[in-house]
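Note sheet for the following structure.
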Amino acid sequence: MDCPKTVKKVQDLGELVIDGTSTRIDYKKVNGIAVFDEEKQQLRRYSTIQECIKSEQLSRASISRCIRKKCPSLDGRTFSIY
């Protein structure tokens, strides 16, 4: 990259592109976490991420991934924030 104009243009374009996967979830600003268990047809609500981690026996990373990607966990539980 010897052309500074090209580098500057690419950097400007990079700032315009929004990448949803890079944004972090601030769990202090959400009201809570809802967990829907398809197997038991049960909805559980937790006020904090720590409470959810302890009760659901999953890591923070697993719960965050399920929330971000809007996909269920391996055992069918669906996590969402409210």
Side-chain angles (χ1 to χ4, degrees):
M1 292 282 182
D2 294 332
C3 185
K5 287 183 181 180
T6 305
V7 172
K8 180 65 176 157
K9 185 71 172 175
V10 170
Q11 287 174 341
D12 291 342
L13 288 173
E15 290 176 5
L16 295 175
V17 176
I18 298 172
D19 184 14
T21 59
S22 66
T23 58
R24 296 183 63 107
I25 300 170
D26 187 3
Y27 290 104
K28 293 177 183 173
K29 293 184 179 178
V30 299
N31 291 331
I33 298 171
V35 181
F36 181 69
D37 192 350
E38 281 190 34
E39 199 173 283
K40 298 178 183 176
Q41 294 296 315
Q42 208 175 42
L43 177 68
R44 297 182 290 276
R45 295 178 185 255
Y46 301 104
S47 57
T48 64
I49 185 72
Q50 297 300 333
E51 185 181 344
C52 183
I53 290 168
K54 287 178 186 174
S55 297
E56 298 297 326
Q57 298 294 314
L58 280 176
S59 68
R60 183 184 184 110
S62 297
I63 294 170
S64 297
R65 187 184 73 245
C66 291
I67 292 171
R68 230 181 18 255
K69 294 188 176 190
K70 297 179 181 155
C71 64
S73 63
L74 294 176
D75 57 359
R77 292 179 284 184
T78 305
F79 295 84
S80 61
I81 54 176
Y82 63 94

Quick check: closest heavy atoms across Y46 and Y82, and the distance to 0.1 Å?
O-OH, 4.0 Å

Between K54 and Q57 the two heavy atoms that sit nearest each other are O-NE2, 2.8 Å

Do [X] and [Y] come close enough that some side-chain heavy atom pair is under 4.5 Å?
{"X": "V35", "Y": "E56", "answer": "yes"}
{"X": "Y27", "Y": "I67", "answer": "yes"}
{"X": "I49", "Y": "I63", "answer": "yes"}

Connecting only ILVMFWY residues whose side-chain heavy atoms lie within less than 4.5 Å of each other, what is the rest of F36's hydrophobic cluster?
L43

Side-chain donor-acceptor pair present, E51, S47, cut-off under 3.5 Å:
yes

After noting the C-alpha distance and the side-chain angles of S62 and F79, does the key distance pass the side chain to side chain contact (heavy atoms under 4.5 Å, CB included) rule?
CA-CA 10 Å; S62 297; F79 295 84; over 6 Å; no

More than 12 heavy atoms of other groups within 6.0 Å of E39 CD
no

Reported SG-to-NZ distance for the pair C3 and K8, which is rounded to 0.5 angstrom
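Here the interatomic distance stands at 13.5 Å.
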
Rounded to the nearest 0.5 Å, how far does CD1 of I33 lie from OG of S64?
7.5 Å

Answer yes when R77 and E38 have at least one side-chain N-carboxylate O distance shorter than 4.0 Å, and no when they do not.
no

